[in-house]
Protein chains: 2
Amino acid sequence: MKAGNKTSGARLRIVLEPDIAIGPGKADILEGIRETGSIAAAGRRMGMSYKRAWLLVEGMNACFKSPLVETRRGGQARGGAVLTPDGEKVLACYRRMEVLTAQAIDGELAGLRVMMADISERT
Amino acid sequence: MKAGNKTSGARLRIVLEPDIAIGPGKADILEGIRETGSIAAAGRRMGMSYKRAWLLVEGMNACFKSPLVETRRGGQARGGAVLTPDGEKVLACYRRMEVLTAQAIDGELAGLRVMMADISERT
DNA sequence: TCGCGACATGTTCAAAAAAACATATCGAGG
DNA sequence: CCTCGATATGTTTTTTTGAACATGTCGCGA
């Protein structure tokens with residue numbers, strides 16, 4: 001697995017408008033596109049159907065003034081997708097927010113953990 | 001409405017184990033119980049069925065070493081629920097984390113907003 | 001001992017979300 | 001002009017989730 005699989009810790013969801021948001025899943029897709037050069041490959045990598053991945057991309061593109069992902073069909077590479085400058089910015093921004101959040105709540109999180117039940121004990 | 005209705009900003013979900021977490025909804029329920037003295041009233045207040053609210057409470061109780069909510073049936077008050085000391089702690093801790101998060105990502109969030117499409121333009 | 005209000009649970013039905021399946025399109029290159 | 005892999009969408013099926021409804025329990029106080 002590549003990213004977004006933290007089994008414990010904080011998850012950040014940035015709510016831009018009621019309904020529209022960017023969370024761990026969309027950030028991972030952006031990252032996947034950036035690394036693989038295609039929506040399909042990014043989706044496959046995270047065990048997600050192409051359709052679903054594409055839908056999320058469409059949603060993100062519609063949410064910003066300028067699209068975050070640019071796609072090409074056919075051609076020498078037989079299609080593909082890349083992050084636009086804004087796409088890179090949004091991804092980097094989200095990742096920074098994740099780090100900042102983790103740092104900010106680190107102490108509080110430790111306080112929570114001492115109250116948590118051990119995972120092992122299942123009835 | 002009382003709480004948990006931010007239309008914009010960050011939402012925090014603390015993932016304790018895969019599947020189980022405490023997020024805005026559960027925090028609001030804890031707060032509701034604390035203020036109303038009953039699961040039912042807390043649920044009503046946030047437009048949620050008693051069953052659903054109770055299910056969430058059960059989930060939280062099971063997730064920590066010691067229950068966060070203590071309930072009583074019958075009696076002079078005809079039943080009710082209160083936060084245990086741990087419940088108070090968890091709620092306070094979560095609210096602090098919300099504030100810390102908001103402060104930590106404030107600057108980055110501003111950067112995101114300038115790229116966002118205006119809400120008004122709907123096709 | 002009956003009623004009240006809240007806890008505790010089970011069941012059933014509807015809505016929403018995700019997965020699965022099916023095409024259609026594009027365009028360089030063989 | 002046909003192939004190839006990826007984008008772009010539509011349709012159908014399945015799964016998950018949530019809402020709705022139905023019961024049963026509890027224990028004090030009238």
Side-chain angles (χ1 to χ4, degrees), chain A residues 4-5 11 13 15 18-26 28-63 67-84 87 123, chain B residues 4-5 11 13 15 18-26 28-63 67-84 87 123:
Chain A
N5 289 311
R11 284 192 180 210
R13 160 156 303 174
V15 181
D19 264 23
I20 313 180
I22 174 173
K26 284 179 179 171
D28 287 349
I29 286 190
L30 289 183
E31 198 165 286
I33 291 172
R34 169 195 163 90
E35 292 179 9
T36 65
S38 97
I39 297 175
R44 276 196 302 268
R45 199 172 73 162
M46 51 196 296
M48 175 185 296
S49 73
Y50 167 76
K51 171 146 198 180
R52 182 158 172 59
W54 181 84
L55 243 24
L56 293 174
V57 168
E58 182 193 44
M60 284 190 280
N61 280 345
C63 191
L68 307 189
V69 175
E70 201 161 72
T71 60
R72 290 185 308 280
R73 295 204 286 191
Q76 101 288 31
R78 300 204 182 80
V82 294
L83 296 195
T84 63
T123 318
Chain B
N5 289 311
R11 284 193 177 210
R13 162 157 300 178
V15 179
D19 264 24
I20 311 179
I22 174 172
K26 285 181 180 171
D28 288 348
I29 286 189
L30 288 183
E31 197 165 289
I33 291 173
R34 169 195 162 91
E35 291 178 11
T36 65
S38 97
I39 298 175
R44 276 196 301 270
R45 198 173 74 163
M46 51 195 296
M48 176 185 296
S49 72
Y50 166 76
K51 170 146 199 178
R52 182 159 170 57
W54 182 86
L55 243 24
L56 293 174
V57 168
E58 182 194 43
M60 283 190 281
N61 279 346
C63 192
L68 306 188
V69 175
E70 201 161 72
T71 60
R72 289 184 310 281
R73 295 203 284 191
Q76 105 285 40
R78 298 199 184 81
V82 295
L83 295 194
T84 62
T123 318

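Lettering follows sequence order; numbering is per chain, from 1.
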Rounding to 0.5 Å, atoms CG (B/Leu83) and CD1 (B/Ile29) come to a distance of 11.5 Å
To the nearest angstrom, the CD1-C1' distance between B/Ile39 and C/dT9 comes to 13 Å
A correct 5'-to-3' footprint of nucleotides 19-30 of chain C, with B, S and - meaning base, sugar-phosphate only and no protein heavy atom under 4.0 Å, is SB----BBBS--
*Contact under 4.0 Å: B/Trp54 side-chain N or O vs C/dA8 OP1/OP2*: yes
Shortest non-hydrogen pair, B/Ile39 vs B/Ala81, comes out as CG1-CB, 3.8 Å
Quick one: side chains of residues 52-63 of chain A, donor-acceptor pairs under 3.5 Å with protein atoms, not counting sequence neighbours, listed by atom name and distance.
residue: A/Asn61; atom: OD1; partner: A/Leu68; partner atom: N; Å: 2.7
residue: A/Asn61; atom: OD1; partner: A/Val69; partner atom: N; Å: 3.1
residue: A/Asn61; atom: ND2; partner: A/Val69; partner atom: O; Å: 3.3

By side chain to side chain contact (heavy atoms under 4.5 Å, CB included), B/Arg13 pairs with (sequence neighbours left out) A/Arg11, B/Val15, B/Ala21
Sequence neighbours excluded, the answer for side chain to side chain donor-acceptor pair (under 3.5 Å) partners of A/Arg78 is none
Chain A vs DNA chain D, heavy-atom contacts under 4.0 Å, first-to-last nucleotide span, 5' to 3', is D/dC4 to D/dT11
Heavy atoms of B/Ser38 and B/Gly80 approach each other most closely as CB-CA, 4.4 Å
B/Arg73 meets the side chain to side chain contact (heavy atoms under 4.5 Å, CB included) criterion, sequence neighbours left out, with none
Practice task
State, with a plain yes or no, whether a side-chain heavy atom of B/Arg44 is found less than 4.5 Å away from one of B/Thr36.
Solution key: no
